[in-house]
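Okay, so here's the structure we're looking at.
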Amino acid sequence: MSDDDFVRLVSQANPALSNDGRYQPASNRYPPANLNSPYGQHASPQPMDPFFDDEDEVPDSAFGPIPALQSKESGLPLTKNAAPAAGTSKLSLPTDGIPQGWNFDDDEVQLPTLTSAPVPKPPKKRGVVERMRKAKWKWPWQKEKVLTGERIIALNNGDANSDFISNYVSTTKYNVVSFIPKFFFEQFSKYANIFFLFTACIQQIPGVSPTNKWTTIAPLALVLLASAYKEMQEDLKRRQSDSELNARRAKVLEQAGTFSSTKWKDIKVGDVVRLENNDFIPADLILMSSSEPEGLCFIETSNLDGETNLKIKQASPQTSALTAPHLVTALRGSMRSEHPNNSLYTFEGTLDTLTPEGIPKQIPLGPDQLLLRGAQIRNTPWAYGFVVFTGHETKLMRNATAAPIKRTAVERQVNVQIVFLFILLLALSLGSTIGSSIRTWFFSTKQWYLLETTSLSGRAKGFIEDILTFVILYNNLIPISLIVTMEVVKFQQAQLINSDLDMYYGKTDTPALCRTSSLVEELGQIEYVFSDKTGTLTRNEMEFRCCSIAGTAYADEVDENRRGEGEEGKEPWRTFKEMRAILEGGSTNPFLDQPAPSSSGVVAKEREIIREFLTLLAVCHTVIPEVKEGKTIYQASSPDEAALVSGAEILGFQFHTRKPKSVFVNILGVSQEFEILNVLEFNSTRKRMSTVVRGPDGKVKLYCKGADNVILERLSKNQPFTDKTFVHLEDYATEGLRTLCIAYRDIPDSEYRQWVTIYDQAAATINGRGDALDKAAEIIEKDMFLLGATAIEDKLQEGVPDTIHTLQTAGIKVWVLTGDRQETAINIGMSCRLITESMNLVIINEENLHGTKETLEKRLTAIKNQRSTGELEELALVIDGKSLGFALEKELSKMLLELAIMCKAVICCRVSPLQKALVVKLVKKNSKSILLAIGDGANDVSMIQAAHVGVGISGVEGLQAARSSDVAISQFRFLKKLLLVHGSWSYQRLSKLILYSFYKNIVLYMTQFWYSFFNNFSGQIAYESWTLSMYNVVFTLLPPLVIGVFDQFVSARILDRYPQLYMLGQKNAFFSKTAFWLWVANALYHSIILFGFSIILFWGDLKQSNGLDSGHWFWGTMLYLAVLLTVLGKAALVSDLWTKYTAVAIPGSFVFTMLFLPLYCVVAPAIGFSLEYQGLVSHLWTNGVFYFMLILVPIFCLSRDFVWKYYKRTYAPASYHIAQEIQKYNIPDYRPRQEQFQKAIKKVRAVQRMRRNRGFAFSQTENPARQDQSRLIRAYDTSKSDARPSGY
């Protein structure tokens, strides 16, 4: 059948299509009010639509009685026309995630409202030339065109989909075309480079430059080449990472019904991809079918939203039967969907297909069918996905922002200082030119021997030429070597970070990697750290650690202090081995041969309660077992549930088979069946989950697990173990464990029969099903018996609590931005010491804009009133994604920021990747603080790129974050050394390097200015021009380099011991405006002393022993060497750490100059390169006055600096001066007792707080009305796992 025949058949068969072939929305009744239809307006309604299949409960065609409604999610009139798919999400979120009034990026996406579109006619195949001709060039500053209408994708017709973009993804900063303009824009945003380019240009004007015309342009070219090489190297690493990603393989279905291994970048829209277990999803796909019952599929989205619990996706019932390639390739028709957008949680689309009989059929598609790029298929042997968005149109990439050009605060400050120096240079040039003009205009008659122009135009021309001459003469007030020295030093500092063994992680063989060396000094000035939770602070692992059964605490390993009689008469803890011994009938005390008769009844009762407790753990859950290579693996939508079931398995209660109506548990070697009668699901309102089961003995029981406060309310009176259990809960909670209370009750058959009718009615409710089910559950969940409690550890990354505590001590505020649930996030906040016992929680959890505004205002007023009275209580802000969405609106954002800044810690839960970036940008835009963002998943990329410094964790969740980051580390704990040690060192070293570089140039070139007063402002230079150029490039090159790379104001040990020293960087103590002007003043003082001494010595010219005058170059070279020795002496004074490299750089530079300069003075005139130094060596290096000046004048200059340094350190020491003394004399730290006292106080406070707020272990995806978990477990029969389709 040709394509035209196919379209004709569709238009004839579908009464919803009018003569013009356009799709008509369904009318309010059936049949459609179409005059051309056989069922016109006056026709009587038929009892049955001829297109409906008798077996279908819901009509599949689009002619139902519902008008074309606007979708809540994205404004599309698609799926609401058709029958809702099983489990269609009712989630309603903002469409693009960007608050109104914000305009951070040019690529904001607005979701269009689609209108009806015609059924697509597949286009003819176009050639490459035609495709290139149709492609339009897009300028970087052009805003993306907002697409309207529908996105139409043809099924099994690759040529019709050729207009869509490829699946190639690039995260590089440059490409071949953009490199030169982008690079030059970045380089010439540094004012120094603009100035040197200007100087190099005017040096080319004949008769203007007093120096050689190449002395500026050659060093500038070298600086730019070095920077270009560094940028290319860093971008090539990004390109290499992208190439690895684009070259990954996926199985794509061919028309012949076979699968070909295709690179990710070659996957096209409209392809059908076969995904297998643990595969990463290569593009945004629509789930067609899977190996699991009813087209179910599990995915892990930790790369997208940071949540590790598995999400359930389900294929549409109309496509879930397509479990073989030939069934998929037989599909004909098209898919209509929304255009690409950045909303992770919404999707609207409709699949227009034909049944085998040729009847058109519409299949609605929603978020439940959408598999997002970056997520991972889990616990599903295979699934088929239809590609809907590719490459940069995928939702993941739409959430990513372009790699920004980041410039540091120090660089911006250097720019400002260069402007100041440029103004100074212009002032000096103008002053010198005015001096020259006075000579020309007023003293020309006295200086008759000089040929001076007398015409007005000639004098005006001379004035301009003089200004340019003096600009060139003084141009090195701004050091040309500074920029390249900074680049080299930063590169070396990055290498020191890369080679630090303390930040090397042996398990994964991963060293730290500084990808953007230009940002190293910002690591020493961070005020805010924005961190992801899952995978960054936690390990994505849950472990069943402890439990309390019948008032006795059990743990895998018990500390010595808990084995004996505890304080306050607490019972000792027991191990899991002892529990097994009780279960198997052994004695709990190894020293007793037989239990005493009085205690045997107690042991039997205890054994019974332990059996009930472990049976509950093995039965009351929604876990699905899967046997792989003889080992049982548990599929769970909540990692906590999997941990509890695994814990029961360790203790001898192994859950091994699930059938639609029952579960099988191997209890101490004997398999028993439990019939699952009802599942009362967990949600955040109920905070509990219950299962009604019929045991092997035929009795009906209710098993329930949930948060302690919820279970406590539903217990019967006279509970024997409540007090002891709650004491244990407090112990668990203070250790940061996630706790659940475990309870049960026996239900008489008569009561169950009455209740189940109420439950069934609630389950059949259409509107308000969730509330009805909750009310039904309340009836049965009462009068329970408390068995005990469980404690699960959400394993933190090693060293996280200590790192966060240290960062907070260092004055850094830590904000956690996570996609996880609120309870989970608060619990982790407590266990990792982000939220301390003394903090009060400010929780904002509102449903609308008005509520959010009211709450923010109320909280702000209360805190301000409290603080006005002098109370400074520590606060922690907790805000959820929905409230954050409202709070980020323009009118509320400042209020949110004001509240957040008052808090010591901030936790944002349930946030999208874009919201993470918006929070970072909010703080960045409204404060001058330096921000760092750290994360490990693709969902953290936009946040990492938005912050001043982005740190990626090369962890379990792939390397997406590490690729986009400025620094990649493998563990969160390495952040402590990265900031406190490397950051502090880099900032202090670079500050000293920049200030010293300015100083050394001002000293030399101000002597040139003072000389102008003695040379009649003629523009004569004091020093030979190549010697002058070598001052920066050779003679004083090494000291700033060595200071920048090796100097340490205090050791790593001291920085680690006293994190408060980090605040010096936050306050910009080493590179303030005051520091800059003090160094400038010092340089002016030194230049005046040096020049003044030389002039006094040479007053009337110095006579040599042979009676001749010493001459200009004799004086100039002597002054030059005195200046050189002074600036090297200053470098020695400011160096805090002397290494062999310092010895080579500072004394070594002077020794080298004293050897090189005589050689140059002999060779240069001999070869005709420079004639100024002819015959100088024999006179200068044999003169006693020369050595006298070299020793005396620098010592006199630096004596003031030495005295000032002594005074500062002795009488007005800064914090780091004291730390240096502690380091020098190795003074011990007398703080252990104080820390022990603080720990004791924390313990007391922890208990008080945990009584009010205990974390509980649940992190399932929840939607009460949909009953996800109940449907899920009813669909599985693991005893028939071999009967699953293979997908081939």
Between Y1206 and Y1211, how do the two ring planes meet: parallel, tilted or perpendicular, split at 30° and 60°? perpendicular
Between Q493 and V520, which heavy-atom pair has the shortest distance, and what is it? OE1-CG2, 3.1 Å
Can you name the ring-ring contact (aromatic ring centres under 6.0 Å, His included) partners of F1150, sequence neighbours left out? none
Which atoms form the tightest heavy-atom contact between H1086 and C1197, and what is the distance? NE2-O, 3.3 Å
R1209 and P1213: which non-hydrogen atoms are nearest, and at how many Å? O-CB, 3.5 Å
Residue from Y1120, W1115, Y1011 passing side chain to side chain donor-acceptor pair (under 3.5 Å) with S1094: W1115
Value for CG (L1124) from CG (L1128), rounded to nearest 0.5 Å, stands at 4.5 Å
So which pairs with a foot in residues 1007-1031 pass salt bridge (charged side-chain N to carboxylate O under 4.0 Å, His left out), sequence neighbours left out? none
For the pair V1080 and Q417, evaluate side-chain contact (heavy atoms from CB on, under 4.5 Å) and give the outcome as yes or no after the intermediate values. CA-CA 11 Å; V1080 169; Q417 289 167 353; over 6 Å; no
Any side-chain heavy-atom pair of R989 and Q1048 under 4.5 Å: yes
Sorted by chain and number, sequence neighbours left out, ring-ring contact (aromatic ring centres under 6.0 Å, His included) with F179 holds for Y174, F183
Just wondering, do L932 and L979 contact through their side chains at under 4.5 Å, heavy atoms? yes
Flag side-chain contact, heavy atom, 4.5 Å: L482 against L993: yes
By side chain to side chain donor-acceptor pair (under 3.5 Å) - contacts of Q413 (at least two apart): N1068
Decide yes or no on side-chain contact (heavy atoms from CB on, under 4.5 Å) for F1035 and K1000, but give the supporting numbers first. CA-CA 11 Å; F1035 302 144; K1000 69 185 178 69; over 6 Å; no
Is the backbone N or O of V1127 less than 3.5 Å from a side-chain atom of Y996, with the two atoms forming a donor-acceptor pair by type? yes
How long is the span from the OG1 atom in T1126 to the OH atom in Y999, to the nearest 0.5 Å? 6.0 Å
Tell me every residue that passes side chain to side chain donor-acceptor pair (under 3.5 Å) with Y528, counting only those two or more places apart in sequence or in another chain. none
Ion pair K182/E231, N-O distance below 4.0 Å: no
With a 6.0 Å cut-off (strictly less than), is the heavy-atom count around CZ of F491, excluding the residue itself, greater than 12? no
Tell me, please, which residues at least two apart from F1202 pass ring-ring contact (aromatic ring centres under 6.0 Å, His included). none
Aromatic ring pairing Y987/F1070, orientation class (parallel under 30°, perpendicular over 60°, tilted between): tilted
If you count every heavy atom of other residues, nucleotides or ligands that lies below 6.0 Å from W1204 atom CH2, does the total exceed 12? no
Under 4.5 Å between any side-chain heavy atoms of L1055 and F1049, yes or no? yes
If I take atom CG from residue N1082 and atom CG from residue L995, how far apart are they, to the nearest 0.5 angstrom? 11.0 Å
State, yes or no, whether a side-chain contact exists between L1038 and F1152 at a heavy-atom distance under 4.5 Å. no
Side chain to side chain donor-acceptor pair (under 3.5 Å) partners of T1007, counting only residues at least two apart: Y1023
Just wondering, do R1200 and I1089 contact through their side chains at under 4.5 Å, heavy atoms? no
Using ring-ring contact (aromatic ring centres under 6.0 Å, His included) as the criterion, list what pairs up with W1138, not counting sequence neighbours. none
L430 meets the side chain to side chain contact (heavy atoms under 4.5 Å, CB included) criterion, sequence neighbours left out, with I434, F463, I467
Can you tell if the side chain of T1036 reaches within under 4.5 Å of the side chain of N1001, non-hydrogen atoms only? no
Spatial distance of atom CD (E521) from atom CZ (F1071) [nearest 0.5 Å]: 9.0 Å
side-chain contact (heavy atoms from CB on, under 4.5 Å) between L224 and F184, worked out: CA-CA 9 Å; L224 293 177; F184 277 122; 4.3 Å; yes
Please list, chain by chain and in numerical order, all residues satisfying side chain to side chain contact (heavy atoms under 4.5 Å, CB included) with P181, sequence neighbours excluded. none
For F1188, is the CZ atom crowded, meaning more than 12 foreign heavy atoms sit under 6.0 Å from it? no
Interatomic distance, T408 atom OG1 to L990 atom CG [nearest 0.5 angstrom]: 7.5 Å
Might you confirm whether atom CD1 of I180 has over 12 heavy atoms from other residues, nucleotides or ligands at distances under 6.0 Å? no
Within a radius of less than 6.0 Å around OH of Y1187, do more than 12 heavy atoms belonging to other residues, nucleotides or ligands occur? yes
Is the centre of the F1014 ring less than 6.0 Å from the centre of the F1091 ring? yes
According to side chain to side chain contact (heavy atoms under 4.5 Å, CB included), who are the partners of F1013, at least two apart in sequence or on a separate chain? F1009, W1010, F1017
By side chain to side chain contact (heavy atoms under 4.5 Å, CB included) - contacts of Y1141 (at least two apart): V1042, F1046, T1139
Does atom CE of M232 have more than 12 heavy-atom neighbours from other groups under 6.0 Å away? no
For K1067, does the NZ atom sit with more than 12 other heavy atoms under 6.0 Å from it, leaving out its own atoms? no
